[in-house]
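As structure tokens, the structure follows; a few thoughts come after it.
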Amino acid sequence: MRSRYTAFVVDDAEYLLETWHRAKRPSQLVLDDELTWRRLDVLATQHGGPFDTTGMVEFEAFYRGPDGRGSLHERSRFVKQGRDWFYVDGTALPSS
């Protein structure tokens with residue numbers, strides 16, 4: 001999760017696509033150049049340990065854009081294939 005957040009911070013769409021599960025990966029990803037990501041708070045996790053094959057991360061990521069400050073609050077699902085974790089999908093939650 002933290003590496004994907006960092007990819008958003010540095011506008012690395014290629015890394016985001018590489019770490020997206022093949023079954024759910026979009027064909028392209030256009031990042032919003034007007035957003036500056038400021039902070040990531042990991043609020044909860046389930047599974048995701050070294051012997052797990054699935055995991056969940058609930059997070060809130062804070063940004064600043066042309067319209068001011070905002071945040072993205074999401075519960076993200078991941079699967080492990082081999083030694084690598086892949087983002088499957090996420091459910092948006094109300095921001096705090």
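Since the model is a prediction, treat every value here as computed from it, not as a measurement. These numbers come from the heavy atoms of this one structure, side chains and all, not from hydrogens, waters or symmetry mates.
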Should [X] and [Y] be counted in the same cluster of Ile, Leu, Val, Met, Phe, Trp and Tyr side chains packed under 4.5 Å apart?
X: V42; Y: L16; answer: yes
X: W85; Y: L40; answer: yes
X: L43; Y: M1; answer: no

| query | Listed by chain and number, what are the side-chain contact (heavy atoms from CB on, under 4.5 Å) partners of S71, not counting sequence neighbours? | reply |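 With neighbours one apart ignored, the set is E60, F62, S95.
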
Heavy-atom side-chain proximity of R4 to Y15 below 4.5 angstrom: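 A side-chain contact under 4.5 Å exists here.
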
To the nearest 0.5 Å, tell me how far [X] [atom1] sits from [Y] [atom2].
X: D89; Y: E74; atom1: CG; atom2: CD; answer: 8.5 Å
X: T19; Y: F78; atom1: OG1; atom2: CZ; answer: 7.5 Å
X: Y87; Y: R77; atom1: OH; atom2: CZ; answer: 9.5 Å
X: R39; Y: Y63; atom1: CZ; atom2: OH; answer: 13.5 Å

Which atom pairs, donor and acceptor, lie under 3.5 Å between side-chain atoms of residues 47-59 and protein residues at least two apart or in another chain?
from : atom 1 : to  : atom 2 : distance (Å)
D52  : OD2    : G48 : N      : 3.1
D52  : OD2    : G49 : N      : 2.8
E58  : OE1    : R75 : NH2    : 3.4
E58  : OE2    : H73 : NE2    : 2.7

Please tabulate, for side-chain N and O atoms in residues 25-33, each donor-acceptor pair with protein atoms closer than 3.5 Å (sequence neighbours left out).
from : atom 1 : to  : atom 2 : distance (Å)
R25  : NE     : L17 : O      : 2.9
R25  : NE     : W20 : O      : 3.2
R25  : NH2    : W20 : O      : 3.0
D32  : OD1    : E34 : N      : 2.9

Check your understanding: Can you list the steps and then say if V88 with F86 is a side-chain contact (heavy atoms from CB on, under 4.5 Å)?
Key -> CA-CA 6 Å; V88 176; F86 294 92; 5.7 Å; no

